[in-house]
Amino acid sequence: MSQFQSVKGTRDIFPEESVQWNHVESVVRTHAALYGFREIRIPVFEYTELFRRGIGSTTDIVGKEMFSFQPDPKGRSVTLRPEMTAGVMRAALQKNLFSSGMVHKLFYIGELFRKERPQAGRQRQFSQFGAELLGVSSPAAVAEVISLMMQVFSSLGLKGLRLRINTLGDGEERSRFREALQAWFVPFYDTLDEASKERLEKNPLRILDSKNPTIQELVAGAPRLYDYLKETSLQDFEKVLFYLGERDIAYDIDHRLVRGLDYYCHTAFEVTSSELGAQDAIGGGGRYDALARELGSSMDVPATGFAVGMERLLITMERQGLLAALPSDAPLVYVVVQQPDLVDNGMQLAWQLRQADISAEIDLAGKSMKAQMREANRVNASYALFLGATEYSTGCYSLKNLATSEQITLTLDAILQFLQERRAQKSLYS
RNA sequence: GUGAUUGUAGCUCAGUUGGUUAGAGCGCCAGGUUGUGGCCCUGGAGGCCGGGGGUUCGAGUCCCCUCAUUCACCCCA
């Protein structure tokens with residue numbers, strides 16, 4: 001259309017929307033602090049090898065969705081982060097955070113990049129917030145992570161979200177199950193669709209959560225991972241469910257839930273929203289005890305984490321009408337100047353208001369008084385402060401409440417004091 | 001990567017079987033007595049009808065290509 005076109009799958013967030021993002025982010029920060037998670041910020045790109053090893057080379061993300069490039073002809077390939085977990089783990093290992101067996105609780109908010117075809121709730125650049133609990137892995141740790149995530153949702157006012165949860169067992173249990181599953185599907189090979197055939201080779205577990213109805217019918221009769229779990233794994237899962245129950249967190253056990261990333265084990269979970277289209281997963285996570293080893297660590301770093309898609313979260317909030325009532329960023333005062341020869345004084349006045357912590361705007365384009373008033377109305381200012389010849393000579397200013405049309409005339413000091421009180425009240429209610 | 005969808009003013013959209021200066025609502029700007037907005041009234045600015053090629057006396061309307069959008073598959077947050 002125009003010569004100005006953002007890259008496919010990317011978008012701009014203008015001020016009206018930024019208010020919404022800031023709101024969500026501040027709720028995230030507040031609750032993370034409540035649980036003792038502290039923020040980590042890591043690079044937007046990493047060596048490609050990190051993701052290949054961390055996420056798994058059989059996954060679509062690594063196979064075909066990474067933005068990779070070579071910054072220097074002889075250098076190593078690097079990749080725009082398609083997810084956060086591998087990077088967070090790398091950072092922790094690099095800093096040797098676990099030398100004394102410590103536990104680290106970290107959260108993040110940041111942009112990710114995946115070269116997928118854009119559609120509703122899916123972009124090539126998107127944002128997630130999430131948390132990683134590193135250094136210990138236990139049902140208690142899983143419960144902490146899930147309840148942080150769910151508490152953010154409920155604090156934002158979200159309703160009707162569905163938490164699905166499952167256990168994937170440990171590596172050994174999973175590989176026995178995997179073989180059994182493969183063997184079971186072989187006789188039905190010809191009835192499988194293309195995608196499932198490929199999965200049968202690479203990652204048979206993922207056939208379980210196929211969207212294809214005929215595949216789903218087939219899956220109903222397939223072996224269940226549960227039957228391959230040892231007592232300790234089952235008890236581990238039961239304990240997670242126990243904690244969730246204690247905290248009044250509703251969940252559905254879903255045996256077909258298989259997370260797409262290779263590093264998960266034991267508990268895996270996903271939160272979906274019926275408000276979204278086909279891309280209905282708003283957040284997900286699980287335990288990934290083996291990730292550190294996969295990345296080459298010589299010691300075990302058991303861990304649990306979750307990630308939530310900001311865009312999908314905001315879409316859901318929008319559909320539930322949760323974005324309308326957010327506090328506005330409108331100025332408290334709009335300074336209205338009567339005559340051109342008073343604009344310098346007006347500028348000074350606006351500056352004085354701001355010095356007193358009162359948000360103030362003033363016309364910068366030499367507009368008529370009527371236009372200035374319209375502008376004051378348009379930016380939704382609470383008050384108009386008039387500066388004309390009378391005010392200039394008397395030192396008393398007229399302040400108009402734009403909602404009630406009431407107008408008072410006071411000295412500048414009195415007005416500053418009045419507005420500071422109003423500002424305090426305003427922030428109390430917003 | 002596959003399949004479909006849409007592309008006309010800042011925004012949401014109309015544009016009849018192809019036919020003279022392409023429209024509406026909202027928004028924007030300016031007026032409606034001299035120092036005061038929101039409502040109302042009047043006027044105004046703003047579109048090579050996504051881009052390129054073709055058919056035709058003539059195309060926003062038909063055909064092809066291209067770019068972009070949206071939705072679904074795949075996969076995932």
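Below, chain A is the first sequence line, B the second, and so on; all start at residue 1. Just so you know, these numbers use all the heavy atoms, side chains as well, and skip hydrogens, waters and symmetry mates.
- Nucleic acid contact for A/E391: base, since at least one base atom lies under 4.0 Å from a heavy atom of the residue.
- Both A/N377 and A/A120 sit near RNA chain B, but only A/N377 has its closest nucleotide nearer the 5' end.
- Across all strands shown, A/A376 has no heavy atoms under 4.0 Å from either base or sugar-phosphate atoms.
- We find that CE of A/M149 is positioned 12 Å from P of B/rA77, with the value rounded to whole Å.
- For a distance-only test at 3.5 Å, the side chain of A/Q279 fails to qualify as a donor-acceptor partner of the base of B/rC73.
- A sub-4.0 Å separation between OP1 or OP2 of B/rA72 and a side-chain N or O of A/Q119 is present.
- In this structure, A/G277 reaches the sugar-phosphate backbone alone: every heavy-atom distance under 4.0 Å involves primed, P, OP1 or OP2 atoms, never a base.
- With respect to the salt-bridge test (charged N to carboxylate O, under 4.0 angstrom), the residues A/E39 and A/R29 qualify.
- A centroid separation of less than 6.0 Å is found between the aromatic rings of A/Y228 and A/F177.
- Note: CD1 (A/I282) to P (B/rA77) measures 13 Å, nearest angstrom.
- In terms of polar N and O atoms assigned as donor or acceptor, the side chain of A/Q407 comes within less than 3.5 Å of the base of B/rU36 in a complementary pairing.
- Residue-level contact check: A/R122 touches the bases, meaning some heavy atom is under 4.0 Å from a base atom.
- A straight line from CG of A/L158 to C1' of B/rA77 spans 14 Å, rounded to a whole angstrom.
- Ion pairing between a basic and an acidic side chain is recognised when a charged N comes within 4.0 Å of a carboxylate O; A/R11 and A/E17 show such pairing.
- Within the nucleic acid shown, A/K370 comes within 4.0 Å of at least one base atom, counting heavy atoms only.
- Taking atom CD of A/Q372 as the reference point, atom P of B/rG38 lies 14 Å away to the nearest angstrom.
- If you check every strand for non-hydrogen atoms under 4.0 Å, A/A403 touches a base.
- In this structure, A/R423 contributes its side chain and A/D357 its backbone to a donor-acceptor pair below 3.5 Å.
- Nucleic acid contact for A/S398: none, since no nucleic acid atom lies under 4.0 Å from a heavy atom of the residue.
- Using a cutoff of 4.0 Å between basic side-chain nitrogens and carboxylate oxygens, A/E144 and A/R247 are scored as salt-bridged.
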